[in-house]
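What follows is a set of notes on a single structure, which appears directly below.
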Amino acid sequence: MNRDLMRTLAEARPSELNPDAPVDAATRAGELSRAMAATSAEHTAPSRRRSRLGWGLGAAAVTAAAAVAVAATVSGGGTSDRPEGDHPPVALDAKTVLLSAAHGASGQPDTTGDYWHQVAVERGYFQVGKGASGYVVASSTRTEGWTPNVKGGRFWSREQHLGARPATPADAAAWRRQGSPSTFMTVLPVRVAKGPLKEMPVKAAPGKTRTTRSAPVGGQKVFWLGRNVTVKEVLALPTDPSRLKASLLRWYDGHDTEAPDVPMARDTWLFQVTAGLITDMPVRPAVRAAAFRMLAGLHGVRSLGAVKDPEGRPGVAVATVEHTPIGDQERRLVIDQKRGAALSSQIILLKPKNGIRATWRPGSPITTTTYLASDWTTPTPTDHNANGPAGRPGRSRSAPLEPPAPFAFNAPWSRPGKGPPPTPTFRAAASP
């Protein structure tokens, strides 16, 4: 077992698990027996269990039991013929999840290239109409970007609207009652002066791919960490969790990252900013590991257990709650612990308060972003036609681009076993 994993184990152990604390012989014998049984079960079954070792086992027994639990988390577990019901899975706490992700991140190769390349699918949920005739639609967009890390390099982006459709079977039924329109007139939570809420037409059918390029502006300050920063500044971030936290907090002013008039607690702000660092920025593996370790020490961060991202990939989610003028919402980060990488970021409405989402059900998604590729690449994008770069410029050497999956019903509140209605059947167009 290497030093990084031992460090993870040490950091994950609560202070009350002091191996030197006195304990009577009967308690020691009983707890040791249960610990050994739990260790055996964890080693043979893929499900994860919470072992409560709240006492004074010898140091070797504590380390052995904790090592099995954390190692299973890091490696992703194995398979077993044991019936699933024998050991029902229990979500690991957020600290353990994040420290495991830190361990995974620290083992990734430390490389750079000429362009930081990302591919993502962004999905926004919008209100259409009001009252009994209203419903919610999900609009999906695939984005691809190249951020230069070379002198004189240009910014490139490629975007395609993948289509829009009612978000749930109930929304689809309301859509059909309105005549199944092919264009949705969505209502945005934005007012023009003191007038009505702004509306935006969203087409159900997929659109064409659009490619743009632009020269660097603002000294190449294209990323945001409480302030605008350059690629060079991102690459120079501290690798120590405490120093990274102090570096970010220099720009905390007590308010929301987007709305200066909305107060936001310090740890909530740190979670939001650090999640962006993990999901969007070309930080070095050691910095990403430090970011996970810093998140593990924040108040209010909880684990949601094993989940699947909007593209169906398995991961583990952690989240924090934000109190906003429109109600309470949950900011989720879905993680691949083994690689120490982000799969998805999501904003979920927990407790509607007012505004156009006042009638939405708790648990309704507001936005989701799924990260399909995040890596360095050397080829320079070129623009040979209006629909995008010729061939596949900037193609990742480690994560080749693939056509997006069909846009399907996968709202978090969809009932298991209840499939979507037969219509609509819009599918995403393949990338060029």
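The structure displayed is predicted, hence computed values, not measured ones.
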_Among K203, R123, M200, H161, the one residue meeting side chain to side chain contact (heavy atoms under 4.5 Å, CB included) with S139_ = H161
*asked:* Give me the atom names and distance for the closest heavy-atom approach of L244 to M294.
replied: C-SD, 4.4 Å
*Any idea which heavy atoms bring M281 and F223 closest together, and the distance?*
CG-CD2, 3.8 Å
*Check whether any side-chain heavy atom of Q108 sits under 4.5 Å from a side-chain heavy atom of R339, and report yes or no.*
yes
*What distance separates M264 CE from D256 CG, expressed to the nearest 0.5 Å?*
4.0 Å
*Side chains of W224 and T257: closer than 4.5 Å at any heavy-atom pair?*
yes
*Decide side chain to side chain contact (heavy atoms under 4.5 Å, CB included) for R357 and I326; before the verdict, give the C-alpha distance in whole Å, the side-chain angles of both, and the deciding distance to 0.1 Å.*
CA-CA 8 Å; R357 302 189 183 103; I326 66 169; 3.3 Å; yes
*Could you go step by step and tell me if T147 and F155 meet the side chain to side chain contact (heavy atoms under 4.5 Å, CB included) rule?*
CA-CA 5 Å; T147 302; F155 299 100; 3.7 Å; yes
*Starting from the C-alpha separation in whole Å, work towards a yes-or-no answer on side chain to side chain contact (heavy atoms under 4.5 Å, CB included) for L350 and Q329.*
CA-CA 5 Å; L350 292 184; Q329 62 188 32; 5.7 Å; no
*Within-4.5 Å side-chain heavy-atom neighbours: W251 and V273*: no
*Would a 4.5 Å heavy-atom cut-off, applied to side chains only, mark T369 and V121 as touching?*
no
*Got a second to check how far L333's CG is from L343's CG, nearest 0.5 Å?*
9.0 Å
*Taking all heavy atoms of R288 and all of G340, pick out the closest pair and write down the distance.*
CD-O, 3.1 Å
_Contacts of E233 that satisfy side-chain hydrogen bond (donor to acceptor under 3.5 Å, both in side chains) - sequence neighbours left out_ = T230
*Check the side chains of E144 and H117 for a donor-acceptor pair under 3.5 angstrom, ignoring hydrogens and angles.*
yes
*For P238 and R243, work out which heavy atoms get closest and say how close.*
CB-CB, 3.8 Å
_Short N-O contact, E330 and R302, less than 4.0 angstrom_ = yes
*Heavy atoms only: give me the nearest P352-L349 pair and the separation to one decimal.*
CG-CD2, 3.6 Å
*asked:* Evaluate L188 against E199 for side chain to side chain contact (heavy atoms under 4.5 Å, CB included), listing each step before the verdict.
replied: CA-CA 6 Å; L188 303 180; E199 293 185 328; over 6 Å; no
*Does any non-hydrogen side-chain atom of V301 lie less than 4.5 Å from one of L98?*
yes
*Would you say the side chain of S303 lies within less than 4.5 Å of the side chain of K95, judging by non-hydrogen atoms?*
no
*Between OG1 of T143 and CZ of R210, what distance do you get to the nearest 0.5 Å?*
11.5 Å
_Can you tell me how far apart CZ (R176) and CG (D171) are? Round to the nearest 0.5 Å._
10.5 Å
*How about S374 and Q118: does a side-chain donor come under 3.5 Å of a side-chain acceptor?*
yes
*Mind checking whether P166 and F184 have side chains closer than 4.5 Å, heavy atoms only?*
yes
*With F292, which of I335, V97, V318, T274 fulfils side chain to side chain contact (heavy atoms under 4.5 Å, CB included)?*
I335
*So how far is it from L304 CG to L92 CG, rounded to the nearest 0.5 Å?*
12.5 Å
*Do W146 and W116 have ring centroids that are under 6.0 Å from one another?*
no
_To check you understand the geometry: which heavy-atom pair defines the closest contact between P109 and P285, and what is its length?_
O-CG, 3.4 Å
*Under 3.5 Å, is there a donor-acceptor pair linking the side chains of S345 and T279?*
no
*Pairwise distance CD1(I347) to OG1(T368) - rounded to 0.5 angstrom*: 10.0 Å
*When you check the side-chain N and O atoms of E322 and Q272, is any donor under 3.5 Å from an acceptor?*
yes
*Parallel, tilted or perpendicular: which describes the rings of W269 and Y252, with under 30° parallel and over 60° perpendicular?*
tilted
*Close side-chain approach of R332 to I348, heavy-atom, < 4.5 Å*: yes
*Could you list the residues that satisfy side-chain hydrogen bond (donor to acceptor under 3.5 Å, both in side chains) with D267, not counting sequence neighbours?*
none
Only distances under 3.5 Å count here; give the side-chain donor-acceptor pairs of residues 127-137 to other protein atoms, sequence neighbours excluded, each with its distance to 0.1 Å.
residue	atom	partner	partner atom	Å
Q127	OE1	W360	NE1	2.7
Q127	NE2	G129	O	3.1
S133	OG	K130	O	2.9

*asked:* Would you say that more than 12 heavy atoms from the other residues, nucleotides or ligands in this model lie under 6.0 Å from the NE2 of H255, or not?
replied: yes
